[in-house]
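Contents: one structure, followed by commentary.
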Amino acid sequence: MSDSCLNDTDPEWFNKTDMSIQNCTLSTTDLAVGIVSLVVSFIGLLGNGTVFCFLTFWIKRNRFTIYILNLSVADFIFLLCCVIGVLCLFVVHYEPSLQYDDAFRLTLNVFFSFGYNMSLYLLTAISVERCLSVIFPMWYQCRRPKHQSLITCCLLWVLSLVVTSVEFSCIEEDHVHKGPSSPCENAVFIFMCLLNFLIFTPLMVVSGLTLLIRVQRDSLMRQSSKLYVIVIATVVIFLIFALPMRLVSLLNYQHLEYSDNLALLTVLFSTISSSLNPFVYFFVGGQWKWSKRASMQSVLQTAFKDETDSTQTGTDSVVSTTTSECPELK
């Protein structure tokens, strides 16, 4: 595949310098990966859209479902941008005379990165909060702010917007810059590395591992709630499938060479990550098997039931969350 074809239609690589979409050609491998990405993205859109509708209209929200609701929106945005990007790739391949202006490509890439960043931040917040609920059960039950989930999600949306703006701050310079990395690119590279690989990813990994260890050690915890399984599964899926795309995208800021096939594959893996989350909810909520008697609503209610709203399992005891048993705030 020609560099110009990939650079202008694959969302995460808008920062590359060649902005021409003339003479775009796709190999058989490119077409196959694109088709698979398109199919996976459509499935993911359907799954995340279904979860969003149920959590919005038919399932009572709790501390956990607020995060899942926002995560489904972030994944939906990301997958929608993937669908549009792949369709543009095919259109330009079969109709080379068609062109898309810079504003369209920039908008597509901004929303693409915006959805990806938000998914990373939300999964980190979910993992950290569930970890805190296990390590500090009394705080989580009695002293956790009532609207913490909503406030956290709002702050993360703002953070994602700011980070995405910073990420694309060098876009105008990149149109003419073809030499070594510019100071702007170096600054963005350092900022993104610090934020993604020294703050959010380590927090996600450490809290996820802590949660996994506690669940494995505590039989009551394994039996009481499916949320722990959901959190651990979604974190593992993101680290395996979605994180490589961020690693590849950072290579742009240092003008390092990498295979176009690798770039396409990381996009495909990221669509798999965002599309798998709804199936994790259905799978875990259905008690590891599909039941003809169980409705989709009941399956999701079971998956998202937060036992810590009424009881909290600990290593040695079960703590009630009634107001009378919570220590008074000093």
Side-chain angles (χ1 to χ4, degrees), residues 10-16 37 41 44-45 48 52 66-85 105-129 149-171 174 184-185 187-205 207-208 231 234-254 263 266-277:
D10 258 348
E12 190 68 12
W13 290 271
F14 184 85
N15 288 343
K16 285 196 172 183
S37 299
S41 296
L45 287 173
N48 283 285
F52 174 82
I66 293 176
Y67 288 114
I68 297 298
L69 179 65
N70 283 268
L71 180 60
S72 65
V73 174
D75 285 338
F76 192 92
I77 293 173
F78 175 82
L79 292 170
L80 182 61
C81 291
C82 287
V83 168
I84 296 174
R105 293 192 293 269
L106 178 59
T107 301
L108 181 64
N109 282 275
V110 167
F111 278 99
F112 181 88
S113 295
F114 180 66
Y116 179 92
N117 291 333
M118 190 60 189
S119 296
L120 169 61
Y121 304 154
L122 281 171
L123 284 172
T124 302
I126 292 171
S127 180
V128 169
E129 179 155 330
S149 298
L150 180 60
I151 295 173
T152 300
C153 289
C154 291
L155 292 176
L156 290 179
W157 281 109
V158 174
L159 176 63
S160 181
L161 178 62
V162 172
V163 171
T164 304
S165 300
V166 171
E167 187 175 0
F168 286 85
S169 60
C170 301
I171 194 66
D174 286 337
C184 179
E185 289 174 318
V188 171
F189 176 79
I190 295 173
F191 173 77
M192 297 301 294
C193 285
L194 289 174
L195 195 65
N196 288 281
F197 300 110
L198 291 181
I199 298 179
F200 280 98
T201 300
L203 278 175
M204 184 193 299
V205 172
S207 57
V231 172
T234 52
V235 167
V236 170
I237 289 172
F238 184 89
L239 293 175
I240 294 176
F241 290 100
L243 197 60
M245 191 187 73
R246 175 54 70 190
L247 290 170
V248 172
S249 67
L250 287 175
L251 298 179
N252 288 326
Y253 297 108
Q254 298 301 302
T266 58
V267 173
L268 171 60
F269 291 158
S270 294
T271 61
I272 293 174
S273 173
S274 296
S275 300
L276 279 179
N277 289 337

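Just so we're clear, the structure is a prediction, and the values are computed from it rather than from any experiment. Computed over heavy atoms, backbone and side chain alike; hydrogens, waters and symmetry mates excluded.
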Exercise. Is there a side-chain contact between L243 and F197, using heavy atoms and a 4.5 Å cut-off?
Worked result: yes

Exercise. Would you say L122 and T152 make side-chain contact, with heavy atoms under 4.5 Å?
Worked result: no

Exercise. Counting distance only, does the side-chain N/O of T234 pair as donor-acceptor with the main-chain N or O of V231 below 3.5 Å?
Worked result: yes

Exercise. Once you round to the nearest 0.5 Å, how far does CD1 of I84 lie from CG of L79?
Worked result: 11.5 Å

Exercise. Backbone N or O of V166 within a donor-acceptor pair of the S169 side chain at under 3.5 Å?
Worked result: yes

Problem set entry | Where I66 and N70 come nearest, the two heavy atoms and their spacing | O-ND2, 2.7 Å

For this session: Not counting sequence neighbours, which residues clear ring-ring contact (aromatic ring centres under 6.0 Å, His included) with Y121? List them please.
Result: F200

For this session: Spell out, as yes or no, whether a donor-acceptor pair under 3.5 Å connects the side chain of S249 to the backbone of R246.
Result: yes

Problem set entry | Heavy-atom closest pair, residues L156 and A125 | CD1-CB, 3.8 Å

Exercise. Is there a side-chain contact between S270 and F241 (heavy atoms, below 4.5 Å)?
Worked result: no

Seminar exercise, completed: Residues passing the ring-ring contact (aromatic ring centres under 6.0 Å, His included) test with F52, sequence neighbours excluded, are none

Exercise. Would you say the side-chain atoms of S127 pair up with the backbone N or O of T124, donor to acceptor, closer than 3.5 Å?
Worked result: no

Seminar exercise, completed: Heavy atoms of C153 and M118 approach each other most closely as O-CE, 3.7 Å

For this session: Taking the side chain as every heavy atom from C-beta outward, state whether L155 and L159 have any atom pair closer than 4.5 Å.
Result: no

For this session: Count the heavy atoms of every other residue, nucleotide or ligand shown that sit under 6.0 Å from CZ of F191, and state whether that count exceeds 12.
Result: yes

Problem set entry | Value rounded to 0.5 Å, distance of CG in L120 from CE in M204 | 4.5 Å

Exercise. If you round to the nearest 0.5 Å, how far is CZ of F238 from OG of S273?
Worked result: 6.0 Å

Problem set entry | Between CZ on residue F168 and OG1 on residue T107, distance to nearest 0.5 Å | 10.0 Å

Problem set entry | Test item: S72 and F76 side chains (from C-beta on) under 4.5 Å apart, heavy atoms | no

Exercise. Rounded to the nearest 0.5 Å, what separation is found between the CD1 atom of I126 and the OG atom of S149?
Worked result: 9.0 Å

Exercise. If we ignore angles and hydrogens, is there a donor and acceptor under 3.5 Å between the side chains of N117 and T164?
Worked result: yes

Seminar exercise, completed: Applying side-chain hydrogen bond (donor to acceptor under 3.5 Å, both in side chains) to S274 and not counting sequence neighbours gives D75

Exercise. Is the closest side-chain heavy-atom distance between F114 and W157 below 4.5 Å?
Worked result: yes

Problem set entry | Whether S41 side chain and S37 backbone form a donor-acceptor pair below 3.5 Å | yes

